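All remarks here apply to the structure that follows.
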Number of protein chains: 2
Amino acid sequence: MVTMKEIAKQAGVSVSTVSLVLNNRDEGRVRDTVANQVRAIASQLGYQSNPLASSLRTGRTHMLGFISEDVATTPYAGGIILGAQTAARQLGYMLIVVSTEGPQNEAQEIEALKRYGTDGFLYAKMSNRITNVPEALKDMPLVLVDATDEAGIIPSVEPDEFHIGYDATKRLIASGCERIAYVGAEDPIIAERGRLDGYRAALAETGRTFDEHLVVHVGNNEPALDAVNTLFDSACPDGFFCFNDARAWYVYECAARRGLTIGRDISVVGVDNHRVFADTLVPQLTTVELPHFEMGYWAATKLVSMIEESSLADMEWPDTTAPLPPLNAPVPAAIHCALIEKDSVRQ
Amino acid sequence: MVTMKEIAKQAGVSVSTVSLVLNNRDEGRVRDTVANQVRAIASQLGYQSNPLASSLRTGRTHMLGFISEDVATTPYAGGIILGAQTAARQLGYMLIVVSTEGPQNEAQEIEALKRYGTDGFLYAKMSNRITNVPEALKDMPLVLVDATDEAGIIPSVEPDEFHIGYDATKRLIASGCERIAYVGAEDPIIAERGRLDGYRAALAETGRTFDEHLVVHVGNNEPALDAVNTLFDSACPDGFFCFNDARAWYVYECAARRGLTIGRDISVVGVDNHRVFADTLVPQLTTVELPHFEMGYWAATKLVSMIEESSLADMEWPDTTAPLPPLNAPVPAAIHCALIEKDSVRQ
DNA sequence: ATGAAAGCGCTAACAC
DNA sequence: GTGTTAGCGCTTTCAT
């Protein structure tokens with residue numbers, strides 16, 4: 001492994017000079033000819049800085065911790081992680097993902113990450129739950145991903161549920177549906193509220209009146225199927241906006257029983273859950289994908305900006321209303337939802 | 001952050017002594033009374049070693065790299081990662097997971113991990129594919145997970161496909177099935193061969209003759225459904241061993257069309273893919289789960305043993321034939337497959 | 001049995 | 001402008 005010492009020797013200068021040059025702190029401190037020579041030798045030798053060694057002096061490891069208990073269970077975690085990792089890499093950071101099981105294990109893992117000197121933390125809780133943030137994280141740079149803290153004080157990146165509902169409903173309207181149902185979730189989770197509002201807004205905007213008979217809130221269980229069955233019979237919808245693919249599944253099942261074909265007799269839009277449905281089994285099912293990659297990407301970007309205390313002004317922050325532009329990874333065409341960034345009073 | 005220096009000061013000894021004691025290298029070198037006092041002060045002060053600082057001297061960071069391109073796309077990745085992380089933590093290591101996209105990105109990520117001084121690598125490729133191991137990994141301690149290298153030289157941990165097929169088929173036999181079909185995969189992937197062999201072995205063992213009309217190899221697509229349809233009509237199976245849940249799905253669909261109920265008229269065992277089927281939608285579907293957690297766990301254990309060059313003799317290596325005992329995480333009851341560890345000539 | 005000293009690779013004051 | 005010096009926290013000879 002090639003060190004600054006070697007470069008210094010070859011260039012006939014001191015290590016300090018090499019350090020200055022390689023950290024781009026040489027403006028007006030090191031002669032250009034010397035600086036260039038150092039750079040030349042460095043690249044020729046294939047010099048790679050040793051981040052661990054510098055961390056000893058600077059107190060910055062350029063490592064970010066990513067904490068979540070859903071990594072092992074949720075397929076989405078991958079998208080968020082990939083986004084966060086992409087941003088981290090671009091900014092010169094290393095992302096360390098840790099999946100936890102229960103509070104005491106979580107504390108232990110955070111402890112371990114702190115020992116390794118991570119500069120800050122991403123704390124993710126899939127599907128935007130209100131979250132008790134672990135004490136051990138509160139004194140560190142911290143950004144929540146797909147989660148909200150009780151007090152609403154910590155910076156977070158969340159999907160814009162309103163736009164998801166709005167967009168999905170508008171699509172159904174655009175495809176000619178007259179009686180659009182909303183098959184929502186049972187629990188009063190954050191997403192539910194926003195999506196319903198978006199659904200109503202889209203209806204209102206196109207001069208339709210909200211009809212509560214077209215709305216059901218179901219769990220992920222047996223009674224759900226009955227409820228959707230009843231919905232079919234009592235309200236005769238021709239379009240369905242479903243909270244997720246699992247809910248969309250019930251619609252599919254009920255339609256099949258009635259000999260209705262999705263995409264011809266009725267239209268269905270679901271928000272992604274287990275994408276396998278839409279991908280392989282029910283290709284007629286349209287999904288609105290949650291911007292997992294983007295959430296991770298922006299959360300990591302925000303975190304680094306906090307760590308480096310650079311002003312947020314020069315961050316290209318995502319437009320909260322417009323569809324996101326593709327970042328560096330390919331973004332599925334179906335993404336039509338935006339991010340909101342609930343900025344906070346810094347503690 | 002409390003350092004050895006502080007402990008040394010409080011104990012009235014030198015840092016070297018503290019280092020000796022805290023690394024358990026004090027046998028016959030440090031007086032017991034002193035050693036005990038040092039330990040007492042250390043724990044009282046809540047001393048935590050700084051792994052980065054020691055790495056500077058020892059060249060060991062106690063960090064393991066986990067490389068895979070499937071993290072973002074496959075739900076299984078989580079299980080493997082969790083297993084690897086659990087083992088790493090127990091052995092005093094930190095797991096750094098990196099998901100890659102394409103070979104050049106992969107090389108870049110490996111490069112980054114090396115700069116951070118990872119002691120060794122886990123290289124995962126879900127569903128046991130034959131793999132070209134990146135050059136950059138070949139000079140490092142390396143264990144493959146759910147993958148095999150072309151030359152069969154690198155240590156790997158893979159599911160025992162034979163036992164999966166054998167076990168699944170035996171279950172169908174035990175539940176009274178007479179005509180057991182195998183709905184396999186189309187591609188000649190490693191798993192396919194082993195599972196088919198297991199299927200045949202189970203049949204042979206119970207005095208049944210192998211009937212090739214009961215076997216189909218299908219993709220994950222439209223024609224698959226037709227093939228399974230034909231299988232139903234031509235061979236009249238009463239039991240199905242399916243390569244994965246997606247294949248099991250076709251069976252479910254065909255059964256539904258014929259008014260057959262799974263669990264009563266026919267029996268189905270699938271190997272897990274998208275577990276959602278068995279969990280929520282088709283509860284009658286029995287799944288054999290792949291030992292993702294265990295694979296990650298043992299792979300990390302093996303890797304550490306290589307890094308520390310401890311003899312493999314004193315490792316509790318898993319029995320390759322018996323069902324795995326539960327490790328530290330809860331293991332689903334459905335696990336009935338074993339791990340094989342293809343040990344290799346060290347380069 | 002213990003401590004002094006050197007050094008891992010790098011950064012940061014401070015001389016000159 | 002550049003080199004010298006000191007030191008981050010820890011390990012490791014090598015004296016004593």
Side-chain angles (χ1 to χ4, degrees), chain A residues 1-39 41-42 45-63 92 94 112 114-119 308, chain B residues 1-39 41-42 45-63 92 94 112 114-119 308:
Chain A
M1 202 208 199
V2 35
T3 69
M4 283 193 177
K5 204 175 180 177
E6 275 181 58
I7 298 175
K9 189 155 62 172
Q10 291 215 19
V13 295
S14 76
V15 189
S16 342
T17 306
V18 175
S19 174
L20 281 180
V21 172
L22 263 29
N23 288 312
N24 298 316
R25 306 185 164 288
D26 57 320
E27 265 194 30
R29 330 244 267 108
V30 179
R31 229 179 330 167
D32 275 12
T33 53
V34 177
N36 287 332
Q37 201 199 352
V38 167
R39 272 184 256 268
I41 296 179
L45 259 45
Y47 171 78
Q48 301 282 104
S49 84
N50 180 335
L52 269 35
S54 34
S55 83
L56 213 50
R57 205 60 247 242
T58 62
R60 298 253 111 104
T61 54
H62 279 227
M63 303 196 297
M94 178 99 222
K114 279 187 160 182
R115 284 185 14 163
Y116 275 84
T118 42
D119 295 334
E308 300 186 346
Chain B
M1 203 207 197
V2 33
T3 69
M4 283 192 177
K5 204 176 180 177
E6 275 181 57
I7 298 175
K9 190 156 61 172
Q10 291 215 19
V13 295
S14 77
V15 190
S16 338
T17 306
V18 175
S19 174
L20 281 180
V21 172
L22 263 29
N23 289 312
N24 299 314
R25 305 184 165 290
D26 56 320
E27 266 193 32
R29 330 244 265 108
V30 179
R31 230 180 331 169
D32 275 11
T33 55
V34 177
N36 287 333
Q37 201 199 352
V38 166
R39 272 184 258 267
I41 295 179
L45 258 45
Y47 170 78
Q48 301 282 104
S49 84
N50 180 334
L52 270 34
S54 30
S55 83
L56 213 51
R57 204 62 245 233
T58 60
R60 299 253 112 104
T61 54
H62 279 228
M63 303 196 297
M94 179 97 222
K114 279 187 161 181
R115 286 187 12 165
Y116 275 84
T118 42
D119 295 334
E308 301 186 345

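A note on names: the letters A, B, ... follow the listed sequences, proteins ahead of strands, and every chain is numbered from 1. Since we're looking at a predicted model, the values are computed, not measured.
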* Could you give the CG-to-P distance, from A:Leu56 to D:dT11, as a whole number of Å? -> 12 Å

* Structure fact -> Given the options B:Glu6, B:Met1, B:Met4, B:Tyr47 meets side chain to side chain contact (heavy atoms under 4.5 Å, CB included) only with B:Met4

* Asked: Separation of B:Met1 atom CE from D:dC8 atom C1', in whole Å?
  -> 11 Å

* Using distance alone, with no hydrogens and no angle criterion, decide if A:Thr17 and A:Ser14 have a side-chain donor and acceptor under 3.5 Å apart. => yes

* **Distance in angstrom units between B:Glu27 CD and C:dT2 P, rounded** => 15 Å

* To do: Send over the distance from A:Asn36 CG to D:dG1 P, rounded to a whole Å.
  => 14 Å

* Asked: Hey, mind stepping through A:Ser55 and A:His62 against side-chain contact (heavy atoms from CB on, under 4.5 Å) and telling me if it holds?
  -> CA-CA 8 Å; A:Ser55 83; A:His62 279 227; over 6 Å; no

* Asked: With respect to the phosphate group of C:dG9, does any side-chain polar atom (N or O) of A:Tyr47 fall under 4.0 Å of OP1 or OP2?
  -> no

* Asked: Does OP1 or OP2 of C:dG3 have a side-chain N or O of B:Ser14 closer than 4.0 Å?
  -> yes

* Asked: Quick one: does B:Thr17 reach the base of C:dA1 with a side-chain donor-acceptor pair under 3.5 Å?
  -> no

* Could you tell me the separation between the NE2 atom of B:His62 and the C1' atom of D:dC10, rounded to a whole number of Å? => 13 Å

* Establish whether the base of C:dG7 is bridged to the side chain of B:Arg57 by a donor-acceptor pair shorter than 3.5 Å. => yes

* Tell me: OH of A:Tyr116 to P of D:dC8, nearest whole Å? -> 22 Å

* Could you check B:Leu52 against A:Met63 for side-chain contact (heavy atoms from CB on, under 4.5 Å), going step by step and ending with a plain yes or no? => CA-CA 12 Å; B:Leu52 270 34; A:Met63 303 196 297; 4.3 Å; yes

* Asked: Under 4.0 Å between a side-chain N or O of B:Ser19 and OP1 or OP2 of D:dT11?
  -> yes

* In whole Å, what is the span from the CG atom of A:Asp26 to the P atom of D:dG3? -> 14 Å

* Structure fact -> Assign each of B:Ala53 and A:Thr58 the nucleotide of DNA chain C bearing its closest heavy atom; nearer the 5' end lies the nucleotide of B:Ala53

* To do: Tell me what A:Gly59 touches on the nucleic acid: a base, only sugar-phosphate, or nothing, going by heavy atoms under 4.0 Å.
  => nothing

* Residue-phosphate contact under 4.0 Å: A:Asn23 side-chain N/O, C:dT11 OP1/OP2 -> yes

* How would you label the contact of B:Arg29 with the nucleic acid (heavy atoms, under 4.0 Å): base, sugar-phosphate, or nothing? -> base

* Structure fact -> Atom CD of B:Gln48 and atom P of D:dG9 are separated, to the nearest Å, by 15 Å

* Distance check: side-chain N/O of A:Lys5 vs OP1/OP2 of C:dG7, anything under 4.0 Å? -> no

* Asked: What nucleic acid atoms does B:Gly117 come within less than 4.0 Å of, heavy atoms only: base, sugar-phosphate, or nothing?
  -> nothing

* Looking only at atom types and distance, does a side-chain atom of B:Thr58 sit under 3.5 Å from a main-chain N or O of B:Ser54, one as donor and one as acceptor? -> yes

* For the side chain of A:Ser16 and the base of C:dA12, is some donor closer than 3.5 Å to an acceptor across the two? -> yes

